[in-house]
Amino acid sequence: MYRSNNVAARIFNRQIATPPPGTSFHCARRFYENIVPNHTVYDVECPDHSFRKFTVDGQYLITFSRNHRDLIVYRPKWLSFSYKGDEIDMFQELPSSAQKFESFFNLIYSVSLASCNELICKDFFLYMESNRFGIFATSTAQIQDAPAVGGAVPGVPSIEKITFHLLRLEDGEILDVKVFVNDFVNLAHNTGVFLYDDLLAIVSLRYQIVHILQIRDSGHLVDVRAIGAFCREDDELFLNSSSQCVGVSERSRLLAGNVENGYHHNESNTDNSFLSGLKQRLLSFIFRRIWNEETDHRLRVQCLTKSFYFHFQDYVDLIIWKVQFLDRQHLLLKLGSVDGGVSRMADHHRAFFAVYDMETTEIVAFYQNSGDDLYLLFERFCNHFHAASRNSLCMNFISSHSNNIHAQEQLRSLKNKAASYSQFVKKMLVSLPFNCQSQSPSPYFDLSLFRYDEKLISATDRHRQSTDHPIKFILRRPPYSLRFKIKSGPEGGITDGRTKGISTFLFHPFLPLALSIQQTTYLHPSVINIHFRR
């Protein structure tokens, strides 16, 4: 049905018509087809900061100093300026005072996070909307060839100190910190950390422990459980008491874990007597699943020999790559080889997925990354894998192929173009588990409202290759017209011989406001453009 693009007509229609039940938010978001960023201030004068993102409630813009030591927080404000004269020309240039960064953002505070030889991880930031808490990370440099001591996994780098800071973003007060010593957590794009409501999961790649913390309203980080070497709270006590029966030498071998982070690191290696508690539960699940598939004893033994014992060492060597909450009780674990866990090209490595129940400490499902059963769940219930916080309303409107017909068509097109179905499944499941808070809730990325080239821009928080051509946002409904364009870099393109570099786009979650940041490969300052509705 054709709808007028006139705002006044839409407002009048809203007064006389009632939307179908459960669609009021969707109907309200259609106003964004009219209210779009229609003006750009190119190469705006601004501080030389590293821009991270807007918070999901739109209250704060998170930036870091170029030396990666200070956190600088701004509050967005709408541009206001005055003209001299009786008549206003909407197409005349903005005054020079209105083309500065300070005209759009107010500086709230700057606070130093990094100490001594630590630096802020500029790609890491999590926001707890209910309390307006921010989680930041600082770390020392990686040690690539660190020895595997104290139960560490061989081949995984080490970081001397990793510090997670819990801040109240209203005033910048540091409420609590959590320190990991001689460990490794993948902080790039929140890969190794996942926030769900007030629960925080941190994956120690080096010691194969999933640390579950709770963020209290008082601003304290409280240890809830550590899943890895032990699964229940009394597992370590039971092993300590049992080891007394096997002698002092065996006991020292059993419990020779590194306790610098508050937990014993007892992941399997050649010096330990037992596999970790999580690994034992995984092997038990695989064994019982194969056992229950056959009723005939002879066939059952053949299946176990072929599918379990033959691959036993492969299962033992699996390590946890990533973790995400599916709900407050279940974790989705991604497992694979050591090389895939530390490589940036993990797409080419074989991977497995497991669903872990934290209450029963049992593995309840196990899938291979080329398996059809997990893909069918992903295709039908993609939204459940995002596991958005219950307090975040805008995050529920992010487009996916399980809630948007246009995303479904794109998925169907990719499936038809794929050379083989198994490779297509691997390609689709490579993003699981999703990085926490990695997608923008901006309505301009809603595929039911606008069409755009997802190779150049998308809701996913990633750097993009710069282009001299503007990115077009076209209406999905009649008259299918061009609504606005976004262009990164200088207005006339790069003319001084520099390479185009990469671009980052930061969209406000609900205002017609966006930042485009273009960085070249040379030591030139970034080119910041501000796109807004004039």
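Just so we're clear, the structure is a prediction, and the values are computed from it rather than from any experiment. Count residues from 1 along the sequence. Computation of the quantities below employed the complete heavy-atom set of this structure, encompassing side-chain atoms and omitting hydrogens, waters and symmetry-equivalent molecules.
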Is there a donor-acceptor contact under 3.5 Å from the side chain of [X] to the main chain of [Y]?
X    : Y    : value
S65  : D70  : yes
N190 : F125 : yes
S488 : S516 : no
D171 : E173 : yes
Y109 : L169 : yes

Could you measure the distance from the [atom1] atom of [X] to the [atom2] atom of [Y]? Nearest 0.5 Å is fine.
X    : Y    : atom1 : atom2 : value
L506 : L61  : CG    : CG    : 7.0 Å
I159 : T140 : CD1   : OG1   : 6.5 Å
L205 : I320 : CG    : CD1   : 8.5 Å
F104 : I530 : CZ    : CD1   : 4.5 Å
F505 : S440 : CZ    : OG    : 12.5 Å
C121 : H68  : SG    : NE2   : 9.0 Å

Do we see a donor-acceptor contact under 3.5 Å between the side chains of [X] and [Y]?
X    : Y    : answer
H508 : S442 : no
Y196 : D327 : no
S503 : S466 : yes
E129 : T55  : no
R66  : S526 : yes
H386 : N383 : no

- Message: Less than 6.0 angstrom separating the ring centers of F133 and Y127, yes or no?
- Response: no
- Message: Ring centres under 6.0 Å, that's the criterion: do H330 and F325 meet it?
- Response: no
Which heavy atom of [X] sits nearest a heavy atom of [Y], and at what distance?
X    : Y    : answer
H165 : L113 : CE1-O, 3.6 Å
G489 : Y42  : O-CD2, 3.7 Å
G172 : V111 : O-CG2, 4.0 Å
I398 : P441 : CG1-CA, 4.2 Å
R533 : W78  : O-CZ2, 3.1 Å
F136 : I62  : CE2-CG2, 3.7 Å

Does this structure show an ion pair linking [X] with [Y], if we count only N-O contacts that are shorter than 4.0 Å?
X    : Y    : result
R476 : E33  : no
D57  : R132 : yes
D123 : K53  : no

So [X] and [Y], would you call those rings parallel, tilted or perpendicular, with 30° and 60° as cut-offs?
X    : Y    : value
F507 : Y444 : tilted
Y74  : F101 : perpendicular
F445 : Y452 : perpendicular

- Query: With a cut-off of under 6.0 Å to the ring centre and 45° to the axis, is K426 in cation-pi contact with F424?
  - Reply: no
- Task: Using the side chain to side chain donor-acceptor pair (under 3.5 Å) rule, take K322 and N435 through it: C-alpha gap first, then chi angles, then the decisive distance, then the call.
- Result: CA-CA 9 Å; K322 293 173 65 177; N435 290 355; 2.8 Å; yes
Review item, side-chain donor-acceptor pairs of residues 214-222, under 3.5 Å, at least two apart:
{"unit_1": "Q214", "atom_1": "OE1", "unit_2": "R216", "atom_2": "NE", "d": "3.0"}
{"unit_1": "Q214", "atom_1": "NE2", "unit_2": "D198", "atom_2": "OD2", "d": "3.0"}
{"unit_1": "D217", "atom_1": "OD1", "unit_2": "N131", "atom_2": "ND2", "d": "3.3"}
{"unit_1": "S218", "atom_1": "OG", "unit_2": "H220", "atom_2": "ND1", "d": "2.8"}

- Step-by-step side-chain contact (heavy atoms from CB on, under 4.5 Å) determination, L71 to V73: CA-CA 7 Å; L71 164 69; V73 178; 3.8 Å; yes
- Query: Can R14 and I11 be said to form a side-chain contact (heavy atoms from CB on, under 4.5 Å), step by step?
  - Reply: CA-CA 5 Å; R14 185 179 64 177; I11 294 176; 4.2 Å; yes
Check this for me: [X], atom [atom1], are more than 12 non-hydrogen atoms of other residues, nucleotides or ligands nearer than 6.0 Å?
X    : atom1 : value
K77  : NZ    : yes
Y421 : OH    : yes
I474 : CD1   : yes

- Query: Is there a side chain to side chain donor-acceptor pair (under 3.5 Å) between R69 and S115 once you walk through the steps?
  - Reply: CA-CA 8 Å; R69 291 191 172 276; S115 60; over 6 Å; no
- Identify the residue among K415, H401, Q408 that makes a side-chain hydrogen bond (donor to acceptor under 3.5 Å, both in side chains) with E379. K415
- Task: Assess whether side-chain contact (heavy atoms from CB on, under 4.5 Å) is satisfied between L449 and R30, documenting all intermediate values.
- Result: CA-CA 7 Å; L449 300 179; R30 290 174 185 163; 4.1 Å; yes
- Message: Working note: H406 + R451, criterion side chain to side chain donor-acceptor pair (under 3.5 Å); need CA distance, chi angles, decisive distance, verdict.
- Response: CA-CA 9 Å; H406 305 289; R451 177 167 54 89; over 6 Å; no
- Does the side-chain contact (heavy atoms from CB on, under 4.5 Å) test come out yes or no for K485 and K487, once each step is laid out? CA-CA 7 Å; K485 296 183 288 186; K487 184 182 184 301; over 6 Å; no
- Task: Tell me, with the steps shown, if D183 and S204 meet side chain to side chain donor-acceptor pair (under 3.5 Å).
- Result: CA-CA 7 Å; D183 209 332; S204 165; 2.6 Å; yes
- Close side-chain approach of I72 and L107, heavy atoms under 4.5 Å: yes
